[in-house]
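Computed from heavy atoms alone, side chains included, the values below leave out hydrogens, waters and symmetry copies. Residue numbering restarts at 1 for every chain, and letters A, B, ... go by the order of the sequence lines.
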Amino acid sequence: MPELPEIETVCHGLRPFLENNIIQNVQTNRDNLRYPFPPLFKERLETARVLKIERRAKYILLHLDNELTWVIHLGMSGRIRINEEVSNKHDHVVWTTQQDCHFVYNDPRRFGLMDLVVTSKLNQHRLFADLGIDPFDAVLTPEFLHKALATNKRPLKSVLLDQTIIVGLGNIYVCEALWLTNLSPFREANTLSLKQWDKLLENILCVLKKAITAGGSTLKDYSQPNGELGYFQHQFNAYGREGKQCLNDSCKGSITRVVQAGRSTFYCIDCSK
DNA sequence: CGGGCCACCTGGCGGC
DNA sequence: TGCCGCCAGGTGGCCC
């Protein structure tokens, strides 16, 4: 479930049950997700208090009172359920708090990861050292993008997916933001005017905000930790709409699916330039 | 070095 | 039914 809006939604759902609470009874049901669990994973988490939960890029950071940060990434299929006692296949990590809340990390494909990192050294950690700018960071401006990509001939689709430039966007929201801006995913980054970067950034922020408000997008399963569905998928204009009519009022075209850098891209050939 | 491709996993779905 | 191929919200290593 994991682009920026979905991670934001998960953080939001976890806070009331985890922040200021003490972790106990951590149980791992296998040795690894994408990577092995770090040494003493269970021991270092148990009795620690969660001070604050925040999102960085598509990572969930749980800052603990023992100078460590619990890093969680949901990969493609990771989910966290709260207070749902039924146990399912692929429930890989289970934990509780002293307040008797019960948490389950479920991840069929195991592209997710968990790690424990010294909080003061987070920025140097290999997962975070090369990350680009968050879309909601004021440092990210049209002027910055225009300048930074002035000689970059890569297609916009791959530039926007590149987490070393802007973080948080994934396949869905890149397709949506480009469609909203009438920009082709094949358009070379260096050919955008400052005005076009301005429009594109505005649409990126707009689509992300709307998706967060909607609780994220749910493609196959529950999105939010409380089991509620995210419902932004009902507002998709491009993603998953192959063969359907373009929703741009002044356009008679339809949405095409192509494979770009190994991933599906949905766009309108007629009105995206 | 930059960038494209493919692997990492499991499951669901459509077609035959 | 059952089997097969394709597809899926991400990342990172390898190879040119």
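- Residue Ile204(A) holds its CD1 atom at 5.0 Å from CG of Leu160(A), rounded to the nearest 0.5 Å.
- Remark: ring of Phe111(A) not stacked against base of dT11(C); the cut-offs of centroid gap under 5.5 Å and plane tilt under 30° are not jointly satisfied.
- Across the protein-nucleic acid pair, Leu131(A) atom CG and dG10(C) atom C1' stand 13 Å apart, rounded to whole Å.
- The CG-P distance, from Leu113(A) to dC9(B), rounds to 14 Å in whole Å.
- Comparing the P positions of dT11(C) and dC1(B) gives an interatomic distance of 23 Å, to the nearest angstrom.
- A sub-4.0 Å separation between OP1 or OP2 of dT11(C) and a side-chain N or O of His73(A) is present.
- At least one side-chain nitrogen or oxygen of Ser264(A) sits closer than 4.0 Å to the OP1 or OP2 atom of dA8(C).
- One finds a side-chain N or O of Arg110(A) lying less than 4.0 angstrom from the OP1 or OP2 phosphate oxygen of dT10(B).
- Heavy atoms of Lys153(A) sit nowhere under 4.0 angstrom from any nucleic acid atom.
- Note: CZ (Phe236(A)) to C1' (dA8(C)) measures 12 Å, nearest angstrom.
- Note on Leu127(A): only backbone sugar-phosphate atoms sit closer than 4.0 angstrom, heavy atoms only; bases stay farther off.
- Below the 3.5 angstrom threshold, one finds a donor paired with an acceptor across the side chain of Arg34(A) and the base of dT11(C).
- Within the model, atoms OG of Ser158(A) and CD of Gln260(A) stand 7.5 Å from one another, a figure rounded to the nearest 0.5 Å.
- Remark: dG13(C) base-pairs with dC5(B). Criterion, Watson-Crick or G-U wobble with two distances under 3.5 Å.
- The aromatic rings of Tyr239(A) and Phe236(A) stand perpendicular to each other, their planes meeting at an angle above 60°, with 30° marking the opposite boundary.
- With hydrogens and angles ignored, a donor-acceptor pair closer than 3.5 Å exists between the side chain of Arg109(A) and the base of dC9(B).
- Classification of the Tyr105(A)-His92(A) ring pair by plane angle, with boundaries at 30° and 60°, yields tilted.
- When heavy atoms are screened at a 4.0 angstrom cut-off, Gly170(A) is found touching the sugar-phosphate backbone but no base atom.
- For the pair Arg126(A) and Val259(A), both in contact range of DNA chain C, the more 5′-proximal nearest nucleotide belongs to Val259(A).
- Comparing the P positions of dC6(C) and dC6(B) gives a spacing of 13 Å, expressed to the nearest Å.
- The CG-C1' distance, from Leu219(A) to dG9(C), rounds to 6 Å in whole Å.
- Taking atom CG of residue Leu33(A) and atom P of nucleotide dC8(B), one finds them 17 Å apart after rounding to whole Å.
- Between the C1' atom of dG11(B) and the CG atom of Asn88(A) lies a distance of 14 Å, rounded to the nearest Å.
- Rounded to an integer number of Å, the gap from CG of Asp162(A) to P of dT11(C) is 11 Å.
- With Leu64(A) as the fixed residue, the side-chain contact (heavy atoms from CB on, under 4.5 Å) test singles out one of Thr47(A), Thr69(A), Leu45(A): Leu45(A).
- Side chains of Gln196(A) and Arg187(A): a donor-acceptor N/O pair is present below 3.5 angstrom, by distance only.
- A straight line from NZ of Lys89(A) to P of dC9(B) spans 15 Å, rounded to a whole angstrom.
- If you take atom P in dC14(C) and the same atom in dC9(B), they sit 15 Å apart, rounded to whole Å.
- Between His90(A) and dC9(B), a side-chain N or O to OP1/OP2 separation shorter than 4.0 Å is absent.
- Here the nucleotide nearest the side chain of Met76(A), chosen from dG4(B), dA8(C), dT11(C), is dA8(C).
- Judged by closest nucleotide on DNA chain C, Arg257(A) is the one of Arg257(A) and Tyr35(A) placed further toward the 5' end.
- Remark: the separation of the P atoms in dG9(C) and dG3(B) is 23 Å, to the nearest Å.
- Residue Phe232(A) holds its CZ atom at 5.5 Å from OH of Tyr173(A), rounded to the nearest 0.5 Å.
- The phosphate of dT11(C) (OP1 or OP2) has a side-chain N or O of Lys58(A) nearer than 4.0 angstrom.
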